[in-house]
Amino acid sequence: MSGEEVRALFEAEVESGRINLHAGFERAAAALMAHTAFVDPRAVPAVFDALARALDVPPDARAEALAADLGFLATGSPAERTLPRPLWDAFWAIAAVMPQGPVDPLAFTASVVALGTHYDSDMLARSEAALFDWPCVVELLREPEVRMKTADLAGRAADSLGTALLTMLEAQGYDLEVIDADTVVLPGPYPAQNRTNRRILQLHDIWHLVAGYGFTGAGEVAISGFQLAQFGQNYSARFLATVATLLAFHAPPLAEPMLHVMLDGWRHGRATPPLIHTPWHRLLDQPIPAIRAELGIRPFESATTAMFEDLERAQKAA
């Protein structure tokens with residue numbers, strides 16, 4: 001079967017929700033993630049919970065576990081639809097070929113963000129409706145918007161969140177304004193997407209520090225699972241689906257370990273109280289351990305993520 005034919009089968013599964021569970025768990029997981037990203041974002045909790053449970057059972061029992069949890073796999077999703085051709089073309093421009101050498105994280109992020117420019121009005125409406133399934137997003141929309149600036153972090157105690165964040169930003173060579181929040185605004189009546197998109201630009205690095213995610217390739221993958229579990233962010237579903245597809249198609253030995261990274265982050269996000277509507281600007285003077293205790297945050301732990309991070313450090317040191 002040619003590469004074009006394989007991709008066409010994958011597209012049909014993603015659009016319909018009728019996933020071939022006998023082509024390998026990693027490929028099925030990638031198709032399911034893409035289904036939640038592009039077709040049925042309201043299915044995110046059910047699909048990712050099912051994937052996390054299936055990953056914990058023996059490999060030969062995973063197809064049965066997914067089938068038991070997700071009835072639409074056999075009959076098709078009620079959200080079934082045909083996706084815009086330009087979206088698929090942009091998706092395969094990222095996922096059809098394994099990158100050679102180090103990946104520029106900002107460039108990869110930008111390419112995944114750009115997939116959203118191919119969403120039609122129906123996809124945008126589905127993404128908007130899905131966000132209202134998350135009570136924390138509804139709560140966020142009730143509150144006035146507060147935007148922190150890099151200048152707000154200066155002059156705080158040495159052990160404070162504000163100082164830790166400023167130190168990290170300076171070490172990485174960027175600031176809270178590295179992406180202009182007003183450039184992520186969608187035209188039209190999409191208050192939940194626009195507010196959460198602006199909000200996570202402010203909070204992503206804070207969550208890295210407070211929730212215990214490393215500033216590494218594996219750390220970025222894991223925190224995407226965390227963010228998705230926190231408030232159903234469509235970008236995170238998009239990112240995870242793209243990475244999962246890339247590895248399932250082109251690096252199968254890495255696909256299952258990376259699914260562990262993704263789903264360890266997902267489990268952590270599910271076990272952590274909602275943080276999107278927390279007034280973080282009021283916590284900048286507090287030490288991170290005190291914030292964790294106050295908000296009930298257990299730092300992220302994942303043996304598989306730690307393994308990838310050790311490999312990354314060794315490669316950089318070589």
When clusters are formed by joining ILVMFWY residues with side-chain heavy atoms under 4.5 Å apart, either directly or through shared neighbours, do [X] and [Y] land in the same one?
X      : Y      : result
Met98  : Met33  : yes
Met307 : Val261 : yes
Val97  : Leu246 : no
Leu247 : Val6   : yes
Phe132 : Val137 : yes

Distance alone, cut at 3.5 Å: any donor-acceptor contact between the side chains of [X] and [Y]?
X      : Y      : result
Thr242 : Thr245 : no
Glu80  : His35  : no
Tyr235 : Asn197 : no
Arg238 : Asn234 : yes
Trp92  : Glu4   : no
His208 : Glu220 : yes

Between the main-chain N or O of [Y] and the side-chain N or O of [X], is there a donor-acceptor pair closer than 3.5 Å?
X      : Y      : value
Glu64  : Ala61  : no
Gln193 : Leu186 : no
Asp40  : Thr36  : no
His118 : Trp88  : no

Closest non-hydrogen atom pair between [X] and [Y], with its separation:
X      : Y      : answer
Phe25  : Ala54  : CE1-CB, 3.7 Å
Met148 : Leu203 : CE-CD2, 4.1 Å
Leu259 : Ala244 : CD2-CB, 4.5 Å
Pro274 : Cys136 : CB-CB, 3.6 Å
Arg292 : Val210 : NE-O, 2.7 Å
His204 : Ile223 : CE1-CG2, 3.5 Å

- Item | Test log, rule side-chain contact (heavy atoms from CB on, under 4.5 Å), inputs Arg156 and Leu284 | CA-CA 8 Å; Arg156 299 181 186 271; Leu284 294 174; 3.7 Å; yes
In the structure I gave you, are the side-chain heavy atoms of [X] and [Y] within less than 4.5 Å of one another anywhere?
X      : Y      : answer
Leu283 : Glu294 : yes
Arg270 : Asp49  : yes
Trp280 : Ile291 : yes
Thr216 : Phe308 : no
Glu256 : His260 : yes
Ser224 : Val221 : no
Asn20  : Leu9   : no
Phe38  : Arg126 : no

- Item | Leu32 vs Leu66, side-chain contact (heavy atoms from CB on, under 4.5 Å): CA-CA, chis, key distance, verdict | CA-CA 10 Å; Leu32 280 166; Leu66 284 176; 4.3 Å; yes
So that I can tick it off, tell me whether [Y] and [X] are bridged by a salt bridge, with the cut-off set at under 4.0 angstrom between side-chain N and carboxylate O.
X      : Y      : answer
Arg81  : Asp120 : yes
Arg53  : Asp69  : yes
Arg27  : Glu13  : yes
Arg85  : Glu11  : yes
Asp310 : Arg313 : yes

- Would you please name every residue forming a salt bridge (charged side-chain N to carboxylate O under 4.0 Å, His left out) with Glu26, sequence neighbours left out? none
How far does [atom1] of [X] sit from [atom2] of [Y], to the nearest 0.5 angstrom?
X      : Y      : atom1 : atom2 : result
Ile288 : Asp159 : CD1   : CG    : 9.5 Å
Glu15  : Phe10  : CD    : CZ    : 10.5 Å
Met262 : Thr304 : CE    : OG1   : 12.0 Å
Phe226 : Thr272 : CZ    : OG1   : 4.5 Å
Ile200 : Gln233 : CD1   : CD    : 5.5 Å
Lys149 : His281 : NZ    : NE2   : 14.0 Å

- May I have the step-by-step check of side-chain contact (heavy atoms from CB on, under 4.5 Å) for Gln202 and Val146, ending in yes or no? CA-CA 10 Å; Gln202 295 264 292; Val146 177; over 6 Å; no
- Task: On the 0 to 90° scale, with breaks at 30° and 60°, tag the His268-Tyr213 ring pair as parallel, tilted or perpendicular.
- Result: tilted
- How are the rings of Trp207 and Phe231 set relative to one another: parallel (under 30°), tilted (30 to 60°) or perpendicular (over 60°)? perpendicular
- Does the pair Thr117 and Leu87 meet the rule for a side-chain contact (heavy atoms from CB on, under 4.5 Å), with working shown? CA-CA 8 Å; Thr117 64; Leu87 172 63; over 6 Å; no
- Task: Before giving the answer on side-chain hydrogen bond (donor to acceptor under 3.5 Å, both in side chains), spell out for Trp266 and Gln227 the whole-Å C-alpha distance, their side-chain angles and the decisive distance to 0.1 Å.
- Result: CA-CA 8 Å; Trp266 168 264; Gln227 288 179 176; over 6 Å; no
- Task: Cation-pi check, Arg267 to Phe300: give yes when NZ or CZ is under 6.0 Å from the six-membered ring centre and within 45° of the ring axis, no otherwise.
- Result: no
- Query: Are Glu145 and Arg147 close enough, and set up right, to give a salt bridge (charged side-chain N to carboxylate O under 4.0 Å, His left out), and what steps lead you there?
  - Reply: CA-CA 7 Å; Glu145 184 170 7; Arg147 297 194 200 179; 3.4 Å; yes
- Over 12 foreign heavy atoms within 6.0 Å of CD, Glu301: no
